[in-house]
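Below you'll find the structure, written out as structure tokens, and then a few comments.
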Amino acid sequence: RDKAWHIGIGLLTFLFSYMVAQLNIDSFTASLSIAYLFTALIGVAKELIYDKWMKKGTPDWMDFFATISLPSVIMFVFVVVPLIKLILKF
């Protein structure tokens, strides 16, 4: 159940930060990358600062990986696969 929350919050964070980035940047790939980095930063901060240093929870790297799981799939589909296709054309 905890991992489901991390997956959901990670996806919502990614989508929201993508929309904010898209308002300021015209590049689809750059907006996705910024959203991904922001989501990863939030995931690390939650585990290290909130859970470990503030002792408000139990730090667990699997929680971090759950947080970035769906954003990782989105990045793979919309950034990595097109990049591989572009490279293979040469």
Going by side chain to side chain donor-acceptor pair (under 3.5 Å), name the residues that satisfy it together with Ser72, two or more places apart in sequence or in a different chain. Tyr36
Indicate the atoms forming the closest heavy-atom contact of Gly10 with Thr39, along with that distance.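 Gly10 and Thr39 have their closest heavy atoms at O-CG2, 3.6 Å.
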Are [X] and [Y] connected in the hydrophobic side-chain network, where two residues link if heavy atoms are under 4.5 Å apart?
{"X": "Ile68", "Y": "Val77", "value": "yes"}
{"X": "Leu70", "Y": "Met62", "value": "yes"}
{"X": "Ile87", "Y": "Val79", "value": "no"}

Going by the side-chain contact (heavy atoms from CB on, under 4.5 Å) test, name the single residue among Ile7, Ile9, Leu15, Thr13 that passes it with Leu11. Leu15
Does any non-hydrogen side-chain atom of [Y] lie less than 4.5 Å from one of [X]?
{"X": "Ser69", "Y": "Lys3", "result": "no"}
{"X": "Leu32", "Y": "Phe14", "result": "yes"}
{"X": "Phe16", "Y": "Phe38", "result": "no"}
{"X": "Phe76", "Y": "Val81", "result": "yes"}

Over 12 non-hydrogen atoms of neighbours within 6.0 angstrom of CZ in Phe28: yes
Rounded to the nearest 0.5 angstrom, the OG1-NE2 distance for Thr67 and His6 is 5.0 Å
Taking the side chain from Asn24 and the backbone from Val20, do they hold a donor-acceptor pair closer than 3.5 Å?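 A pair under 3.5 Å: yes.
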With under 30° as parallel and over 60° as perpendicular, where do the rings of Trp61 and Phe64 fit, or are they tilted in between?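 Taking Phe64 first and then Trp61, their aromatic rings stand perpendicular (interplane angle over 60°).
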Taking salt bridge (charged side-chain N to carboxylate O under 4.0 Å, His left out) as the cut-off, I'd like each qualifying pair that reaches into residues 16-33, sequence neighbours left out, listed once. none
With a 3.5 Å cut-off and sequence neighbours excluded, list the donor-acceptor pairs that the side chains of residues 42-49 form with protein atoms.
residue: Lys46; atom: NZ; partner: Asp51; partner atom: OD1; Å: 3.1
residue: Lys46; atom: NZ; partner: Asp51; partner atom: OD2; Å: 2.7
residue: Glu47; atom: OE1; partner: Asp60; partner atom: N; Å: 2.8

